[in-house]
Number of protein chains: 2
Amino acid sequence: MSREPRARRQPYSVDVVALTPRDNELAVLLERRGDGAGRDKSVRWVIPWTVSKSGEGLTELSQRALRNSTGAATTWTTQVGAFSDGPHPGGSELSILYVALVPMGQATVSSENFEWFRLSDLPALTERQSQMLQVSVAAVRDRLDLYPVAFKLLPATFTLSELQHIYELLLGRRLHKASFRRALAAAALVEPTDEWRSEGRGRPAQLYSLGTRKRRRGKRGVRFDLLG
Amino acid sequence: MSREPRARRQPYSVDVVALTPRDNELAVLLERRGDGAGRDKSVRWVIPWTVSKSGEGLTELSQRALRNSTGAATTWTTQVGAFSDGPHPGGSELSILYVALVPMGQATVSSENFEWFRLSDLPALTERQSQMLQVSVAAVRDRLDLYPVAFKLLPATFTLSELQHIYELLLGRRLHKASFRRALAAAALVEPTDEWRSEGRGRPAQLYSLGTRKRRRGKRGVRFDLLG
DNA sequence: GACATTAGTCGCATTATGTGACTAATATGC
DNA sequence: GCATATTAGTCACATAATGCGACTAATGTC
């Protein structure tokens, strides 16, 4: 997609931050903007976005943006919010932001205009785009305890070590193996399959899958220790 | 505000769900719509909303909507999301939803066009409005552990019993007094003032205020028990 | 002064969590 | 084959958090 001809202002766009685990951290999918020949060379990558065509719902729009950038991948997607400050590459006033979680190892691109970047190795972004990315990652972290986001970053079956690595990646700190597994077992969240994976060296790991939802209600007390 | 003359479609509106504790549950501020003489008599109340005037940011818009409906009250406000399904009373395609938390006892109205309704005693709403209200309440609940929302539903000073009641109201279940206070003390969240409140019968209660933030980081393990 | 009512605390049983050390199963180097 | 490295998975025990009933404290009402 090349530069727009001084676009008339679109009312709103749907922007999608697609995240996937890579090299022990998160990576985000960005779109190449223009050919670098324009006057604004400093910003060459943007968060993929679409604008409404004809009465499409927000969800459909986000799915279309995702399909357009990753190539396929019906992944888990959730809305983060709306942003109005600063300019948008498509000239829209409003950005409706979605995060999409792409399972490890399934991070594809639809064309060479798209590329995955590790968060520690990002290209320059505009203020608004940078903020949207930051809020997206924070949104995923905040939902970690309430929604199965960690599992959406993994394939349907996974080893417990992989699951722990995802949690460590999202929390930004190491977890103790025995504690992690004990808590996981207590919640009866995952179920073992009869498959094992041999990763080269070391003992093979058993594969697990996310168990059927059990509507367990939290009956425990209030945690005041993570109010921020 | 009376019926609009077959409004041209606005690009988007900002809708504000204002919540306050009342009679041991939450109450929401609604706006009377039209005079009841129109053909659509069944829906006479709507969630207060505004549309953009001239390059206002979303935050300013929500503040204006709030001022317009409650009369004053600079309360704590946060964005919930964007909604596109179903019709909006203002004819906009998109609703950007905000929740505002109004401290107990400070729930005023700017005019007789506005009224507070307990959630158990709501008037009929459209599908979209009903959904937005439901999502707003869920958003507040989901943020209970991460953000000091419970304190935003109380005045600057409060008794510990009042605080516990707010938590019980938001969680929908009873908490044990001693456990609640022990956890609260461990987090060093609140500070006692030297004031006491005598509520008629019973022993007077000491008043507390929310202490200064202390950036305590969560070093504890993962909770799998409330994934849903 | 007995009683009702609300605030606030204590002690102990139970459960959850942190942590290091242990065993198990595989690959590699010699 | 056998020692060693590497990763998976478990155990046992100490410490911390939580559930919960019973207690004391301070007020108003009769």
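Chain letters run A, B, ... following the sequence lines, proteins first, then strands; residues in each count from 1.
Summary of the strand contacts: B/R201 and B/V222 both lie near DNA chain C, and taking for each the nucleotide with the nearest heavy atom, the more 5' one is attributed to B/R201. For the pair A/S198 and B/P204, nearest-nucleotide mapping onto DNA chain C gives the more 5' position to B/P204.
A distance below 6.0 Å separates the ring centres of A/F180 and A/Y167. Under the 6.0 Å cut-off for aromatic ring centres, B/F151 and B/Y208 do not qualify, their centroids lying 6.0 Å or more apart.
Of all nucleotides listed (D/dG9, D/dG19, D/dA17), D/dG9 comes nearest to the side chain of A/R203. Distances were taken from every side-chain heavy atom of B/L160 (C-beta onward) to each of D/dG9, C/dG8, C/dC10; the shortest belongs to C/dG8. Listed candidates were C/dG20, D/dC20, C/dG8. Nearest to the side chain of B/A178 is D/dC20.
If you take CZ of A/R181 and P of D/dC11, they are 12 Å apart, rounded to a whole angstrom. The CH2 atom of B/W196 sits 17 Å away from the P atom of C/dT6 (whole-angstrom rounding). Rounded to an integer number of Å, the gap from A/H176 NE2 to D/dA14 C1' is 13 Å. When the P atom of C/dT6 is taken as reference, atom CD of B/E162 falls 13 Å away, rounded to whole Å.
Residue contacts for A/Q206: at a heavy-atom cut-off of 4.0 Å it reaches the sugar-phosphate backbone alone, with no base atom in range.
In terms of phosphate contacts, A/S179 brings no side-chain nitrogen or oxygen within less than 4.0 Å of OP1 or OP2 of C/dT17.
Side-chain to base pairing of A/R182 with C/dG18: one donor and one acceptor N or O lie within less than 3.5 Å of each other.
Side chains of A/T157 and A/E195: a donor-acceptor N/O pair is absent below 3.5 angstrom, by distance only.
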